[in-house]
*Asks:* 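Here it is: the structure, laid out below.
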Amino acid sequence: MVTVLATILTTVISYCGHLLAKNSQALTILRAIEPLAKDAVIAAQKLGVTQYLSGAMKKNHAVQAVAQALLNAGFTVKDEQVIKNAVEKAYAEQKELLAQYPQKTKEG
């Protein structure tokens, strides 16, 4: 009986440890994604100074930059919508700052 309880307890502790590690990684990603998104949005906006980029192109550029930065740090985000949401939030929060970068137009 003691052996069975010890085996069950070991399994439960191992499972809980796995869940905590997984949640810790998710929390780390969420903490890292916000500053990465802010930097990526500014970089995409600056890129639009020298070459024409539509809003969708800038957003895509920022999303890819954040995804790559996370990948380089050893993290993968399976749901790209999380990154898209962070980029949209960063854009909305920095709208005044971004306005200082005049954007190249389609015409030239």
Side-chain angles (χ1 to χ4, degrees):
M1 186 67 165
V2 172
T3 305
V4 172
L5 287 175
T7 303
I8 291 172
L9 186 57
T10 302
T11 304
V12 168
I13 290 172
S14 174
Y15 178 73
C16 289
H18 174 72
L19 286 179
L20 287 173
K22 190 174 180 181
N23 286 338
S24 176
Q25 184 178 19
L27 185 58
T28 301
I29 290 171
L30 290 176
R31 286 185 180 154
I33 207 166
E34 187 174 331
L36 289 172
K38 286 181 177 183
D39 291 345
V41 165
I42 291 171
Q45 189 75 3
K46 286 182 177 179
L47 190 60
V49 171
T50 58
Q51 65 186 38
Y52 171 74
L53 292 174
S54 69
M57 292 167 70
K58 284 188 259 185
K59 178 181 175 184
N60 186 50
H61 184 273
V63 167
Q64 295 305 316
V66 171
Q68 187 61 51
L70 289 171
L71 190 61
N72 292 346
F75 298 110
T76 55
V77 177
K78 293 178 183 173
D79 186 3
E80 193 175 85
Q81 190 61 44
V82 172
I83 297 173
K84 288 179 181 177
N85 291 345
V87 166
E88 289 173 4
K89 179 182 177 198
Y91 178 79
E93 289 176 347
Q94 301 182 101
K95 208 162 188 160
E96 287 181 29
L97 172 69
L98 298 174
Q100 73 182 342
Y101 302 106
Q103 299 296 289
K104 187 164 180 112
T105 61
K106 239 182 185 179
E107 293 82 37

*Asks:* Going by the rule side-chain contact (heavy atoms from CB on, under 4.5 Å), which residues pair with Asn85 if we only count those two or more places apart in sequence or in a different chain?
*Replies:*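 Partners of Asn85 by the side-chain contact (heavy atoms from CB on, under 4.5 Å) criterion, ordered by chain and then number, come out as Gln81, Glu88.
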*Asks:* Using the side-chain hydrogen bond (donor to acceptor under 3.5 Å, both in side chains) rule, collect all pairs that involve residues 31-46, keeping only residues at least two apart or in two chains.
*Replies:*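 Qualifying pairs, neighbours excluded: Gln45-Lys58.
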*Asks:* Please collect all salt bridge (Lys or Arg N to Asp or Glu O under 4.0 Å) contacts where either partner lies in residues 66-81, sequence neighbours excluded, each pair once.
*Replies:* Glu80-Lys84
*Asks:* Under 3.5 Å, is there a donor-acceptor pair between the side chain of Glu96 and the main chain of Gln94?
*Replies:*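 No; zero donor-acceptor contacts below 3.5 Å.
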*Asks:* Lys59 vs Val87, test: side-chain contact (heavy atoms from CB on, under 4.5 Å). Steps then yes/no.
*Replies:* CA-CA 7 Å; Lys59 178 181 175 184; Val87 166; 4.3 Å; yes
*Asks:* In Å and rounded to the nearest 0.5 Å, what is the CG to CD1 distance from Leu36 to Ile83?
*Replies:*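 The CG atom of Leu36 sits 9.0 Å away from the CD1 atom of Ile83.
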*Asks:* For Leu30, give me all partners under side-chain contact (heavy atoms from CB on, under 4.5 Å), at least two apart in sequence or on another chain.
*Replies:*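 Leu30: side-chain contact (heavy atoms from CB on, under 4.5 Å) contacts with Val82.
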*Asks:* Which residue pairs satisfy the salt bridge (Lys or Arg N to Asp or Glu O under 4.0 Å) criterion with at least one member in residues 63-74, sequence neighbours excluded?
*Replies:*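 Counting only pairs at least two positions apart or across chains, no salt bridge (Lys or Arg N to Asp or Glu O under 4.0 Å) contact touches residues 63-74.
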*Asks:* Quick one: hydrophobic cluster around Met57, which other residues, with the 4.5 Å side-chain cut-off, linked directly or via members?
*Replies:*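 Its cluster mates, by chain and number, are Leu47, Leu53.
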*Asks:* Could you pull out every donor-acceptor pair under 3.5 Å between side chains of residues 61-68 and any protein atom, sequence neighbours left out?
*Replies:*
residue	atom	partner	partner atom	Å
Gln68	NE2	Asn72	OD1	2.8

*Asks:* Please tell me if the side chains of Thr76 and Leu70 come closer than 4.5 Å, counting only heavy atoms from C-beta onward.
*Replies:*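 Thr76 does not reach Leu70 side chain to side chain.
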*Asks:* Can you list every salt bridge (Lys or Arg N to Asp or Glu O under 4.0 Å) pair that touches residues 60-74, not counting sequence neighbours?
*Replies:*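 Found none.
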*Asks:* Could you give the distance from OG1 (Thr50) to OH (Tyr101), rounded to the nearest 0.5 Å?
*Replies:*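 Here the rounded value is 13.0 Å.
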*Asks:* Find out if a path of hydrophobic residues (ILVMFWY) with successive side-chain heavy-atom gaps under 4.5 Å connects Tyr52 to Ile42.
*Replies:*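 No, Tyr52 and Ile42 fall in different hydrophobic clusters.
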